[in-house]
Number of protein chains: 2
Amino acid sequence: MTVCLLGAGNVAVHLGKQLQAAGYKVLQVYSRTDASARSLAQTLACAWTDDLQSLSPADYYLCALKDEALPLVLQQIPSFPGVWLHTSGSLGLDVFESYTKNCGVLYPLQTFSKQRELNLSKVPFFIESRSPEVLSNIRSMAEKLTERVYELDSSKRSYLHLAAVFACNFSNHLYELAAEILQDQALSFDLLLPLIDETAGKVHEKSPKEAQTGPALRMDHNIIDKHLALLESQPARAELYRLLSESIFESNKKV
Amino acid sequence: MTVCLLGAGNVAVHLGKQLQAAGYKVLQVYSRTDASARSLAQTLACAWTDDLQSLSPADYYLCALKDEALPLVLQQIPSFPGVWLHTSGSLGLDVFESYTKNCGVLYPLQTFSKQRELNLSKVPFFIESRSPEVLSNIRSMAEKLTERVYELDSSKRSYLHLAAVFACNFSNHLYELAAEILQDQALSFDLLLPLIDETAGKVHEKSPKEAQTGPALRMDHNIIDKHLALLESQPARAELYRLLSESIFESNKKV
């Protein structure tokens, strides 16, 4: 089976490598910028292009592009051979449907960074297609990458993606705010790693609601007011602190 | 060396067990409620009391109480033999100082839950005392529990505790909000575990700033507006989403 990769970002890099390892022949990488297309193509030892008119014929066109880029790219594609897939959590299937019925979604629920190895075998992949044949092909592709393949429609996938933003993007940003607080005190971020690991580890055993600890749980104003005083010169962080504390307190009140 | 434990919550349970394993003799557990004092005392096979007038003579009085409870407890203690320690991130050393100079702090930077085993050996402990002799005793106690002992004053400790609230309490609450979003869609929280693990794992290698991914980084309004629409009926969560996204965007702009 042959694949053209559209996109050369974090998701394209990881999926490209692992599809190749799984026996798919990656023919070509397209990216709007020649340099990133070339860089990924060199990793995969395949062709590259920055010209959508020069896409190679292939069995699959796997679009790992930014959400806003995909519709613009599709408008410029001269014809739609093969099966068209995207990897987005928040784009519906309908983005393809005025162009081709041979289309679907292959969404890996993970955060990808270049230069960090990642084992996809436990990563949940969510697949969708209106064509039973295409769906079966996507399933077989996904099953070569992971043990966890789930069929999910576009609406539920968008909620899943929203949940992922809370659990990953926002959590990581809180790590960043914590890192900045430590940096201002000349303390190392490394000090927090056992705490971060335990916080992530706990929710394998308990629900996050059961795992919650800390001053906001019972609205301990002694501590909360001290913390707000420490954040006095940073109103945006203080406001986040207040809202998150209130949200914890409100959740804890619910039975 | 003998220890009386004041408090029978999560921190007292873990420290009590591990001090005992390290060779300290835990004589007695005090708690305001007889039942929790008894429960921990039974685990440790020691005496218990709910009466501050009946504290046993001991080398150390380790107070693992809520911040607001400690001053109230201290007011009721008839006399101050031994060394008095607390385990709080946000209370200063001064809470003890009108009562005794033989006092200090032993603060473990971790989130503790009953019924979850925890290896303290990699957990950073922060110690403080104005008495060099007491400090050296606390250091020797801490070094029996962990490989990572740091001396830190009350002011820096309060910032450390604030950072811990961001990195742990608030992150865990974001896991909870994600769990609720999934639950509303009849999706399992387990689906998020590889993502949560990778998010926590990444910051062992990269700074949280470098590790950040997701729609807020470049303020991708396509996705952000869709997510806010999904949260339309939940204004508190939508507001958190907005503030966290703006905070990520602002941090990313900084060089």
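Chain A is the first sequence line, chain B the second, and so forth, proteins listed ahead of strands; every chain is numbered from 1.
A:Ile196 has its side chain out of reach of B:His204: every pair of non-hydrogen atoms, C-beta onward, lies at least 4.5 Å apart. Inter-residue side-chain proximity for A:Tyr159 and B:Asp184 is flagged as unmet; no heavy-atom pair is nearer than 4.5 Å. Annotation: side chain of B:Ser251 is in contact with side chain of A:Glu180 (closest heavy-atom distance under 4.5 Å).
In this structure, OG on B:Ser207 lies 8.5 Å from CG on A:Asn172, to the nearest 0.5 angstrom. A distance of 5.0 Å separates CG in B:Leu174 from CG in A:Leu174, rounded to the nearest 0.5 Å. Between the OH atom in A:Tyr175 and the SG atom in B:Cys168 there is a gap of 9.5 Å [rounded to 0.5 Å].
Shown here for A:Gly201 and B:Arg116, the closest heavy-atom pair between the two residues is C-NH2, 3.6 Å. Contact detail for A:Pro194 and B:Pro124: the closest heavy-atom pair is CG-CD, 3.8 Å. Residues A:Ser113 and B:Ala211 share a closest heavy-atom pair of OG-O, 4.5 Å. When all heavy atoms of B:Ala200 and A:Ala200 are compared, the pair lying nearest together is CB-CB, 3.8 Å.
Across B:Glu68, B:Glu176, B:Lys156, B:His173, the residue that shares the most heavy-atom pairs under 4.5 angstrom with chain A is B:His173. Comparing B:Asp220, B:Leu152, B:Leu191, B:Leu182 by heavy-atom pairs within less than 4.5 Å of chain A, the highest count is held by B:Leu191. Ranked by heavy-atom pairs under 4.5 Å with chain B, the first of A:Ala164, A:Ser155, A:Gly89, A:Ala186 is A:Ala164. When each of B:Ser247, B:Ser88, B:Ala167 is scored by its heavy-atom pairs under 4.5 Å with chain A, the top score falls to B:Ser247. Counting heavy-atom pairs closer than 4.5 Å to chain A, the top-ranked of the candidates B:Ile223, B:Thr199, B:Asn169, B:Ile181 is B:Asn169. Note: B:Arg148 leads B:Lys122, B:Arg237, B:Gln115, B:Arg148 in heavy-atom pairs under 4.5 Å with chain A. With chain A as the partner, the residue from B:Gln212, B:Glu239, B:Glu250 showing the most heavy-atom pairs under 4.5 Å is B:Gln212.
Residue contact with chain B, scored on non-hydrogen atoms closer than 4.5 Å, is absent for A:Glu210. Looking at B:Phe189, only its side chain comes within 4.5 Å of chain A, counting heavy atoms on both sides. Residue A:Leu109 touches chain B through both its backbone and its side chain, counting heavy-atom pairs closer than 4.5 Å. For A:Leu91, the parts lying under 4.5 angstrom from a heavy atom of chain B are both the backbone and the side chain. Looking at A:His161, the atoms closer than 4.5 Å to chain B (heavy atoms on both sides) sit in the backbone and in the side chain alike. Residue A:Val203 touches chain B through both its backbone and its side chain, counting heavy-atom pairs closer than 4.5 Å. The contact between A:Ala179 and chain B is made entirely by side chain atoms (from C-beta outward), counting heavy-atom distances below 4.5 Å. Looking at B:Asn222, the atoms closer than 4.5 Å to chain A (heavy atoms on both sides) all sit in the side chain, from C-beta outward. With a threshold of 4.5 angstrom between heavy atoms, B:Lys206 approaches chain A through side-chain atoms but not through N, CA, C or O. Contact of A:Leu187 with chain B is made through the side chain alone, with heavy-atom distances under 4.5 Å. Residue contact with chain B, scored on non-hydrogen atoms closer than 4.5 Å, involves the backbone and the side chain of A:Gln110 alike.
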* To do: Check the pair A:Thr111 / B:Thr213 against side chain to side chain donor-acceptor pair (under 3.5 Å), numbers first and verdict last.
  => CA-CA 7 Å; A:Thr111 172; B:Thr213 61; 3.0 Å; yes
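Checked by atom type and distance alone, the side chain of A:Lys226 never pairs as donor or acceptor with a backbone atom of B:Ser158 at under 3.5 Å. Looking at B:Gln185, its side chain never comes within 3.5 Å of a backbone N or O of A:Leu160 through a donor-acceptor pair.
For A:Gln76, the CD atom is densely surrounded, since the number of other residues' heavy atoms within 6.0 Å is greater than 12. In A:Arg242, the CZ atom is crowded: over 12 heavy atoms of neighbouring residues, nucleotides or ligands sit closer than 6.0 Å.
Proximity of the aromatic rings of B:Tyr241 and A:Phe170 is defined here by a centroid distance below 6.0 angstrom, and this criterion is met.
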